[in-house]
There are 2 protein chains.
Amino acid sequence: MNEPAPRRGRGRPAVLTRERIVAAAIEILDAEGLDALTMRRLGTRLGVAAMSLYRHLPNRDAVLAAAVDHLFAEAVIDLDAATPWPEALARFADSYRRMLLGHPHAVPLLATHPVDIDLGLELLAGLLDRFEAAGIPRQAALTAIQSVAVYVLGHALAQVGTPPGTRPAAEGDAAAVAFYDQWFEAGLRAMVAGFERELGQGH
Amino acid sequence: MNEPAPRRGRGRPAVLTRERIVAAAIEILDAEGLDALTMRRLGTRLGVAAMSLYRHLPNRDAVLAAAVDHLFAEAVIDLDAATPWPEALARFADSYRRMLLGHPHAVPLLATHPVDIDLGLELLAGLLDRFEAAGIPRQAALTAIQSVAVYVLGHALAQVGTPPGTRPAAEGDAAAVAFYDQWFEAGLRAMVAGFERELGQGH
DNA sequence: CTATTTTGTGTACGACGTAAGCTTACAACG
DNA sequence: CGTTGTAAGCTTACGTCGTACACAAAATAG
């Protein structure tokens, strides 16, 4: 339906692209937050009327979903084929977390709009391979990966959802960041160690 | 500021209460979802004009925050003083998850609006005691508890955020429910086992 | 030049959150 | 009893949102 065949040539030339729209959406998100990401603002930023966006995406929610997919792609890592799965899993967690903290206003979005499932599997293929190489059944591998992913997302939600004025940050940001870093590491270590014990640590 | 002193007697008698409002909000949430929870609808359901609600709560967000606190209180458990902490932790996770799945439309809300911190600590006091009884430092206990809480929330987000038509549910709901149950158990077991190994399982 | 096709625009509608000022229904006091 | 004070609820109104619909503009194909 949308963006069907780019049958080039005919018709008024497009000043808008799905990609340009998504990029602008993420910029607004990062700069001003989710509430500021309105169709009108997005249009203004692209030098276009709000309604023009609807030629490329069916509604606001589709803009958000596209932004989610784009952001998730930022979290991919490439893994040396020699990396054992527990380390690969931890590296994925770090990378995912880094992406989330790099776009704090987008975290509630990622939490609410699950990434497209096929895209997700594609992006995680390299990680899945590390499990397969250790002879771990695909289902068990997916469980471990998803459990970690879910932990990382939940943790990021807690971190960005707590206005930095509140409790645990006695002083400035540095202390709060350290607090969350340590917490993150501890939970991640526990979970990975638990799976390691259950699945055998490879080869 | 709001609901200051219920200096009874004077003035027009109140047909509205904070509690009645919060209860109605949760009913709407459960029945029709977050988007349906508007001030006008909430007013209608209580037989009152939308603006009347503002006598009791400063704005819509306060309604949501109050609903969050109320829901979280549903998840408390009381623990036998003999329960070892790993079991207590797992029971908390189950209880928390049960509450979340009992209010699927509220899950994104819980994800976005962190529960009031003092209320949270109060509700978790019993659980914290189980760690203290095993001689585990408070900070380590909090890390473990919060890690589990964050995992549970993330998992619930994944479960309720995936429209049941999509991938893993080959048949109906039962299969999907079983899928998520098994995943949940596996991740939880891994994390609790990991903390057990790290903290010692309590003399 | 005309027809066709695609993209962007203008206008309009209904719903939202909520600010401001008004009305209503009580208790207290004379 | 009437008057007054006060808290609760109501009416109206404003600005903003997403988006349906009909139209204008800008290119190519014949």
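Numbered from 1 within each chain, the chains take letters A, B, ... in sequence-line order. Owing to the predicted nature of the structure, the values given are computational and were not obtained by experimental measurement.
B/L16 has its CG atom 13 Å from the C1' atom of D/dA7, to the nearest Å. For the pair A/R41 CZ and D/dT19 C1', the computed distance is 18 Å after rounding to whole Å. Separating the CE atom of A/M39 from the P atom of C/dG10 is a distance of 16 Å, rounded to the nearest angstrom. Residue B/L57 contributes atom CG, which lies 13 Å from atom P of D/dA8 at whole-angstrom precision. Whole-Å rounding puts the A/L42 CG to D/dC17 C1' distance at 14 Å. One can place CG of A/L46 at 16 Å from P of C/dT7, the figure rounded to the nearest angstrom. Between the CZ atom of A/R55 and the C1' atom of D/dA26 there is a distance of 13 Å, given to the nearest Å. In this structure, CD1 of A/I21 is placed 11 Å from C1' of C/dT7, rounded to the nearest angstrom.
Place A/L37 and B/S52 on DNA chain D by their nearest nucleotides, and B/S52 ends up nearer the 5' end. Each of B/V15 and B/G11 has a nearest nucleotide on DNA chain D; the 5'-most of these lies closest to B/G11. Position along DNA chain C of the nearest nucleotide to B/P13 versus A/L53 favours A/L53 as the more 5'-ward residue.
The phosphate of C/dG8 has OP1 or OP2 within less than 4.0 Å of a side-chain N or O from A/H56. Contact annotation: B/R60 reaches the phosphate of C/dG17 (side-chain N/O to OP1 or OP2, under 4.0 Å). Taking only side-chain nitrogens and oxygens, A/T38 comes nearer than 4.0 Å to OP1 or OP2 of D/dC17.
For the pair B/R97 and B/F184, the cation-pi criterion (under 6.0 Å, within 45° of the ring axis) is fulfilled.
Taking the side chain of A/R40 as heavy atoms from C-beta on, and the options D/dC17, D/dG9, D/dA25, the nearest nucleotide is D/dC17. With D/dG18, D/dG9, C/dT7 as the choices, the nucleotide that has an atom nearest any side-chain atom of A/R12 turns out to be C/dT7. When distances are taken from the side chain of B/M51 to each of D/dT12, D/dG18, D/dA24, the shortest belongs to D/dT12.
A salt bridge does not link A/R130 with A/E87: every distance from a Lys NZ or Arg NE/NH1/NH2 to an Asp or Glu carboxylate oxygen is 4.0 Å or more. A salt bridge between B/E74 and B/R98 is absent, with no side-chain N of the basic residue lying under 4.0 Å from a carboxylate O of the acidic one.
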Step-by-step side-chain contact (heavy atoms from CB on, under 4.5 Å) determination, A/L128 to A/L142: CA-CA 8 Å; A/L128 269 164; A/L142 277 173; 4.2 Å; yes
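Side-chain to base pairing of A/R10 with C/dT5: no donor and acceptor N or O lie closer than 3.5 Å to each other.
When the shell of 6.0 Å around CD of A/E132 is examined, it contains 12 or fewer heavy atoms from other residues, nucleotides or ligands.
When heavy atoms are screened at a 4.0 angstrom cut-off, A/A49 is found touching the sugar-phosphate backbone but no base atom.
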